[in-house]
Visitor: 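Right, I'll just put the structure down here and ask away after.
Order of the sequence lines sets the chain letters (A, B, ...), proteins ahead of strands, with each chain counted from 1. Computation of the quantities below employed the complete heavy-atom set of this structure, encompassing side-chain atoms and omitting hydrogens, waters and symmetry-equivalent molecules.
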There are 2 protein chains.
Amino acid sequence: MALKHILLIVIGRRPSSGYDIVKDFKEVLGFFWHAGHQQIYRELGKLDAHGLVRHTTVPQDDRPDKKVYRITDQGWEELRAWLRSPTQIRTVNDEILVKVYAGELLGCEALRRELEQDRDRHAEQLRVYREIEATYFSTPTDKEAGIFDHLVRIALRKGILSEQAWLQWTEESIATLDRLEFRP
Amino acid sequence: MALKHILLIVIGRRPSSGYDIVKDFKEVLGFFWHAGHQQIYRELGKLDAHGLVRHTTVPQDDRPDKKVYRITDQGWEELRAWLRSPTQIRTVNDEILVKVYAGELLGCEALRRELEQDRDRHAEQLRVYREIEATYFSTPTDKEAGIFDHLVRIALRKGILSEQAWLQWTEESIATLDRLEFRP
DNA sequence: TATCTCATGTAAGTGGTTACATGATTGC
DNA sequence: GCAATCATGTAACCACTTACATGAGATA
């Protein structure tokens with residue numbers, strides 16, 4: 001139920017076209033949520049149909065026309081209601097755990113390889129997050145930074161701590177497997 | 001795409017009714033994946049229709065009849081193919097981060113309250129996981145334990161490490177907010 | 001008398017992915 | 001000449017949730 005409200009937040013902050021929002025999701029907004037362009041356009045269409053946003057078509061020179069969406073009073077109301085409502089928690093559901101569950105079928109070596117791959121992917125993601133942190137947030141106690149920068153930093157910290165935990169788990173689990181040595 | 005394969009793993013290990021599997025999901029299997037009974041019955045129906053499992057109706061005294069599912073050769077083949085295929089990674093998409101993103105609209109106090117609630121939920125989940133670890137896996141280097149017990153323990157460790165990271169993040173973020181103090 | 005367990009499902013809706021589709025302009 | 005960027009979408013499918021539905025026997 002959150003994509004709808006992210007769009008309201010984004011459009012509420014600043015009127016945007018679908019494409020603008022697609023770009024936002026590829027940048028900082030991506031720390032908070034992931035969504036593809038098809039989903040975004042479909043959801044914008046629905047919000048428009050329900051009167052939570054409305055669009056004006058803006059013609060451009062040398063570029064395709066674009067639809068610029070603006071939030072309506074009804075949209076603000078919906079957003080405020082959502083912000084006040086209880087936050088949903090996520091379920092687990094990670095495929096790597098299913099492969100662990102199938103460990104007896106996979107065998108020790110194959111499972112080890114899966115975990116190594118997982119470890120490498122999370123190590124790479126952690127490296128990326130740390131690089132971003134170092135580049136954009138070099139002075140952690142910067143009094144000049146706006147509220148929004150601090151909020152982005154909080155999200156980034158979530159990414160870093162999660163990836164660290166994943167990494168630790170994969171390393172621990174590989175070590176456990178090495179002590180076990182079983183065949184499929 | 002994993003539920004289908006979890007069902008094949010479970011049924012492959014031991015022929016089961018839908019209800020048996022529902023119970024499994026409420027116990028250890030729940031560490032690996034979450035699914036409701038509706039999803040399970042529907043998916044079993046599809047697997048049956050596609051010939052990956054087949055069922056026999058078993059009448060019972062004083063209880064409703066049950067359908068016991070068995071994996072077919074085609075089912076085994078599908079499962080082996082999936083186990084060999086690359087593991088998918090999950091996207092982020094947690095509502096609490098969206099509320100952080102909307103921090104300026106929520107205001108410092110309200111956001112703080114959300115984070116506190118999140119912290120408490122994760123603290124409780126961590127407590128539960130640790131209790132299970134202490135109860136069922138009191139002797140960590142138990143040579144008597146089967147492979148499956150070790151695999152369950154690996155999954156449980158994933159839960160513990162994740163919850164610890166979450167907890168650390170919420171505490172850090174609350175501390176950050178306390179240094180900021182902004183209004184909606 | 002009421003709730004829990006056993007045992008099965010349907011129906012409707014939301015959310016998300018994959019693939020397909022178009023077409024001009026800008027930069028290497 | 002080829003890829004990327006700008007800008008929009010449709011169609012089909014898969015995954016998951018919420019609500020509704022039935023009915024017998026066991027336990028408190």
Visitor: Taking atom P of C/dT10 as reference, at what distance in whole Å does atom NZ of B/Lys46 sit?
Guide: 13 Å
Visitor: What is the separation between atom CD1 on B/Ile40 and atom P on D/dA15, rounded to the nearest whole Å?
Guide: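 The distance from CD1 of B/Ile40 to P of D/dA15 comes to 14 Å, rounded to the nearest Å.
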Visitor: Please say which of A/Gln164, A/Arg127, A/Glu163 ends up in a side chain to side chain donor-acceptor pair (under 3.5 Å) with A/His122.
Guide: A/Glu163
Visitor: Over how many whole Å does the gap from B/Glu43 atom CD to D/dT17 atom P extend?
Guide: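 Between P of D/dT17 and CD of B/Glu43: 13 Å.
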Visitor: With respect to A/Tyr101, which candidate in B/Phe25, B/Phe31, B/Trp33, B/Phe148 satisfies the ring-ring contact (aromatic ring centres under 6.0 Å, His included) definition?
Guide: B/Phe148
Visitor: Does one side chain, of A/His50 or A/Glu78, offer a donor that lies under 3.5 Å from an acceptor on the other?
Guide: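 There is no such pair between these side chains.
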Visitor: Look only at the side chain of A/Asp149 and the backbone of A/Gly146, and say whether a donor-acceptor pair between them is shorter than 3.5 Å.
Guide: yes
Visitor: Would you say C/dG9 has OP1 or OP2 under 4.0 Å from some side-chain N or O of B/Tyr41?
Guide: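 False: B/Tyr41 side-chain N/O out of range (4.0 Å or more) of C/dG9 OP1/OP2.
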Visitor: Any chance you could pull the hydrophobic cluster mates of B/Met1, using side-chain heavy atoms under 4.5 angstrom and chaining through other members?
Guide: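 Once heavy-atom contacts under 4.5 Å are chained together, B/Met1 still belongs with nothing else.
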Visitor: Nearest whole Å is fine: how far is C/dT5 C1' from B/Glu27 CD?
Guide: 13 Å
Visitor: Assign a letter to each nucleotide of nucleotides 16-28 of chain C from its 5' end: B, base within under 4.0 Å of a protein heavy atom; S, sugar-phosphate only; -, no contact.
Guide: BBBB---B-S---
Visitor: Transitively linked via ILVMFWY side-chain contacts under 4.5 Å: B/Tyr136 with A/Leu97?
Guide: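 They do share one cluster, since a chain of ILVMFWY contacts under 4.5 Å joins B/Tyr136 to A/Leu97.
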Visitor: Give the rounded distance in Å between these two atoms: CD of B/Gln60 and C1' of D/dG25.
Guide: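 Interatomic distance, CD of B/Gln60 to C1' of D/dG25: 12 Å.
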Visitor: Just checking A/Asp73: does its CG atom have more than 12 heavy atoms from other residues, nucleotides or ligands closer to it than 6.0 angstrom?
Guide: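 No, not enclosed.
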Visitor: Within this structure, what is the OH-to-P distance between A/Tyr19 and D/dG9, rounded to whole angstrom?
Guide: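 Atom-to-atom, A/Tyr19 to D/dG9, this comes out as 14 Å.
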Visitor: Any salt bridge linking A/Arg153 with A/Glu133? Criterion: basic side-chain nitrogen under 4.0 Å from a carboxylate oxygen.
Guide: yes
Visitor: Is the distance from OP1 or OP2 of C/dT14 to the nearest side-chain N or O of A/Lys4 less than 4.0 Å?
Guide: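 For C/dT14, OP1/OP2 do not have a side-chain N/O of A/Lys4 under 4.0 Å.
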Visitor: Between B/His34 and A/Asn93, does any side-chain donor sit less than 3.5 Å from a side-chain acceptor?
Guide: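 The answer is no; no qualifying pair exists.
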Visitor: In whole angstrom, give the distance that lies between atom NZ of A/Lys23 and atom P of D/dA4.
Guide: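 After rounding, the reported distance stands at 17 Å.
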Visitor: Rounded to whole Å, please give me the gap between CZ in B/Phe25 and P in C/dC6.
Guide: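 B/Phe25 atom CZ is separated from C/dC6 atom P by 17 Å.
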Visitor: Given pairs defined as Watson-Crick or G-U wobble with both distances under 3.5 Å, what dot-bracket annotation applies to DNA chain D, with ( ) intrastrand, [ ] crossing, | other strand and . unpaired?
Guide: ||||||||||||||||||||||||||||
